[in-house]
Amino acid sequence: MNIHEYQAKSILKGFGVAIQEGIVADTPEKAVEAAKQLNKETGTDWWVIKAQIHAGGRGKGKIVGTEQRGVALAKSLDDVKTISGNILGGTLVTLQTGEAGKQVNKILVAQDVYYPGDSEPNEFYMSVLLNRTTGRNMIMYSTEGGMDIEKVAEETPHLIFKEEVDPKVGLMPFQARKVAFNLGLSGQAFKEMAKFVTALYRAYEESDSSMFEINPVLKTSDDKIIAVDAKVSLDDSALFRHKDYIELRDKSEEDPTEVEAGENNLNYVKLDGNVGCMVNGAGLAMATMDIIKLSGGDPANFLDVGGTADAARVEQAFRIILKDPAVKAILVNIFGGIVRCDRVAQGVVDAYKNMGNIDVPIIVRLQGTNAEEAKKIIDESGLKVQSAILLQEAAERVKEVLA
């Protein structure tokens with residue numbers, strides 16, 4: 001589960017990570033009040049206004065129809081109000097959002113942590129994530145902060161360092177010091193960075209996150225180490241241990257069809273193809289997408305209905321798939337192990353009748369318990385639904401309807 005920058009920073013601060021202080025606002029008036037409060041609490045008289053969307057590249061992105069960037073410096077309260085008004089309610093387009101962009105509903109009013117006279121502030125990149133090759137958590141960091149890490153990896157890979165953590169012992173003090181050393185720090189800044197790394201790793205581990213990315217980590221002229229930005233992805237499977245984190249979910253940032261599917265306990269991910277998939281089991285779903293590709297089509301979604309494919313569940317799955325206008329055909333591929341194929345077939349027929357006229361062709365492949373009976377139910381239903389028992393047969397049917 002992705003969360004906003006202001007939420008991510010709140011988690012970091014809770015674990016002792018030094019952050020750029022800020023207050024979230026959803027109107028220009030509230031932004032001005034937030035700026036005044038930050039002035040009292042931190043002494044800052046310049047403020048950074050940051051659009052809060054689930055996408056990177058906000059500083060380079062622009063609000064549609066304007067020259068307003070998604071991140072901007074305000075040097076007065078009038079600037080705070082003007083910039084906030086330009087960003088809030090607008091659609092921000094970045095490299096990660098695509099041309100459609102995302103609407104900005106909230107902004108973060110943050111203190112200016114770049115001190116006057118710091119013409120070339122020291123900015124670092126740092127992330128914590130799982131190295132799936134070794135099965136260990138890894139701290140990845142670089143002296144080239146504030147830049148796209150992908151570009152750094154491509155052009156100057158020697159400037160990216162990695163520190164793996166043994167899960168039996170956790171992050172050791174010498175590893176935190178090694179990070180500070182490789183970043184070229186010394187004196188008080190060295191100590192502050194070692195402290196920062198230790199707190200950051202603890203936050204990552206104890207929050208059950210799947211990724212932390214801080215870009216940039218700033219070293220100020222008085223040797224403070226601060227997280228200026230924060231991108232955090234929480235592990236959905238661990239949210240039962242963090243009930244308070246569930247409230248951080250912003251459904252407006254997610255695909256509405258995926259949100260609806262989740263509310264109906266369907267595992268759905270929208271893709272860019274033209275053949276809708278309805279399958280029981282993740283492994284079978286992956287194989288189904290492969291067979292669609294081999295038949296000349298492209299999967300329009302991943303959809304796992306689970307082991308209880310009754311009429312109501314099948315109908316909801318159909319409705320979700322058909323919300324995608326790109327879908328030209330639907331392939332239902334069910335293995336009847338836990339659930340009987342004839343019950344699934346009857347569910348398909350009932351769902352079809354309940355929904356009325358369905359314009360796209362449907363191919364139903366049922367294999368397993370009572371597969372023959374299931375095929376008979378489909379064939380005798382009188383509906384525009386084609387049945388198959390073998391997966392290859394179903395693939396050929398898909399190829400025919402797409403021709």
Side-chain angles (χ1 to χ4, degrees), residues 1-2 54 98 100 102-103 236-237 239 246 249-293 295 297-336 338-339 341 343-366 374 378 381 383-388 391 394-395 397-398 401-402:
M1 183 178 80
N2 293 325
H54 289 177
K102 287 191 173 184
Q103 182 172 318
D236 292 349
S237 300
L239 288 177
I246 297 175
R249 183 182 181 187
D250 186 350
K251 293 183 180 180
S252 68
E253 289 286 326
E254 302 176 26
D255 184 286
T257 310
E258 293 184 8
V259 172
E260 181 183 349
E263 291 172 348
N264 287 277
N265 297 316
L266 296 171
N267 296 311
Y268 173 89
V269 179
K270 188 180 182 305
L271 303 174
D272 297 326
N274 56 358
V275 181
C277 309
M278 186 191 308
V279 191
N280 66 332
L284 186 59
M286 299 299 288
T288 302
M289 290 192 287
D290 286 342
I291 205 70
I292 287 172
K293 290 288 288 185
S295 69
D298 285 300
N301 63 269
F302 171 102
L303 194 155
D304 176 10
V305 296
T308 56
D310 55 22
R313 198 172 180 80
V314 169
E315 180 178 340
Q316 189 60 43
F318 273 138
R319 292 187 186 279
I320 288 172
I321 292 172
L322 290 170
K323 286 187 176 183
D324 184 353
V327 170
K328 305 303 179 186
I330 298 176
L331 174 56
V332 180
N333 187 13
I334 302 292
F335 177 75
I338 298 174
V339 61
C341 289
R343 290 184 177 176
V344 176
Q346 191 59 54
V348 171
V349 171
D350 292 344
Y352 195 103
K353 290 179 178 179
N354 288 339
M355 294 181 66
N357 185 37
I358 298 179
D359 296 329
V360 302
I362 298 175
I363 299 95
V364 179
R365 182 259 181 174
L366 299 168
I378 296 294
S381 67
L383 304 176
K384 295 179 181 179
V385 180
Q386 303 179 42
S387 65
L391 188 53
R397 299 279 176 86
V398 170
V401 300
L402 292 177

A.B. asks: For a quick test of reading the model, state the closest non-hydrogen atom pair linking A282 to D304 and the distance between them.
C.D. replies: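 The pair with the smallest heavy-atom distance is N-OD2, 3.7 Å.
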A.B. asks: Is any side-chain heavy atom of R249 less than 4.5 Å from a side-chain heavy atom of L239?
C.D. replies: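 In short, these two side chains do not touch, never coming nearer than 4.5 Å.
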A.B. asks: State the CD-NE2 distance between E254 and H54, to the nearest 0.5 angstrom.
C.D. replies: 7.5 Å
A.B. asks: Atom CD1 in I330, atom CD1 in I363: separation rounded to 0.5 Å?
C.D. replies: 9.0 Å
A.B. asks: Are any non-hydrogen side-chain atoms of Q346 and V349 less than 4.5 angstrom apart?
C.D. replies: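 Q346 reaches V349 side chain to side chain.
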A.B. asks: Under the criterion side-chain contact (heavy atoms from CB on, under 4.5 Å), which of V332, V344, I334 is the partner of V305?
C.D. replies: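 Answer to the side-chain contact (heavy atoms from CB on, under 4.5 Å) test with V305 among V332, V344, I334: I334.
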A.B. asks: Can you tell if the side chain of F302 reaches within under 4.5 Å of the side chain of V279, non-hydrogen atoms only?
C.D. replies: no
A.B. asks: To the nearest 0.5 Å, tell me how far I362 CD1 sits from L322 CG.
C.D. replies: 7.0 Å
A.B. asks: Less than 4.5 Å apart, any side-chain heavy atom of N301 and any of D324?
C.D. replies: no
A.B. asks: Rounded to the nearest 0.5 Å, what's the gap from CD1 on I320 to CD on E315? Could you check?
C.D. replies: 11.0 Å
A.B. asks: With sequence neighbours left out, what residues match E253 under salt bridge (charged side-chain N to carboxylate O under 4.0 Å, His left out)?
C.D. replies: K102
A.B. asks: Could you report the tightest heavy-atom contact between S387 and I378, atom names first, then the distance?
C.D. replies: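 Heavy atoms only, the tightest pair is CB-CG2, 3.6 Å.
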A.B. asks: Minimum heavy-atom separation for L366 to A345, with atom names?
C.D. replies: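 L366 and A345 have their closest heavy atoms at CD1-CB, 3.7 Å.
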A.B. asks: Would you give the length of the straight line joining atom CG of L402 to atom CZ of R397, rounded to the nearest 0.5 angstrom?
C.D. replies: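 Answer for the CG-CZ pair, L402 versus R397, is 14.0 Å.
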A.B. asks: Just wondering, more than 12 heavy atoms not from M355 lying within 6.0 Å of its CE?
C.D. replies: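 Correct, the count exceeds 12.
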A.B. asks: Can you list, pair by pair, the side-chain donor-acceptor contacts under 3.5 Å of residues 261-278, counting residues two or more places apart and other chains?
C.D. replies:
residue : atom : partner : partner atom : Å
E263    : OE2  : K251    : NZ           : 3.1
N264    : ND2  : E260    : O            : 2.8
N274    : OD1  : D298    : N            : 3.0

A.B. asks: Listed by chain and number, what are the side-chain contact (heavy atoms from CB on, under 4.5 Å) partners of L391, not counting sequence neighbours?
C.D. replies: I291, N333, R365
A.B. asks: Output the distance between atom CG (L284) and atom CE (M289), rounded to the nearest 0.5 Å.
C.D. replies: 10.5 Å
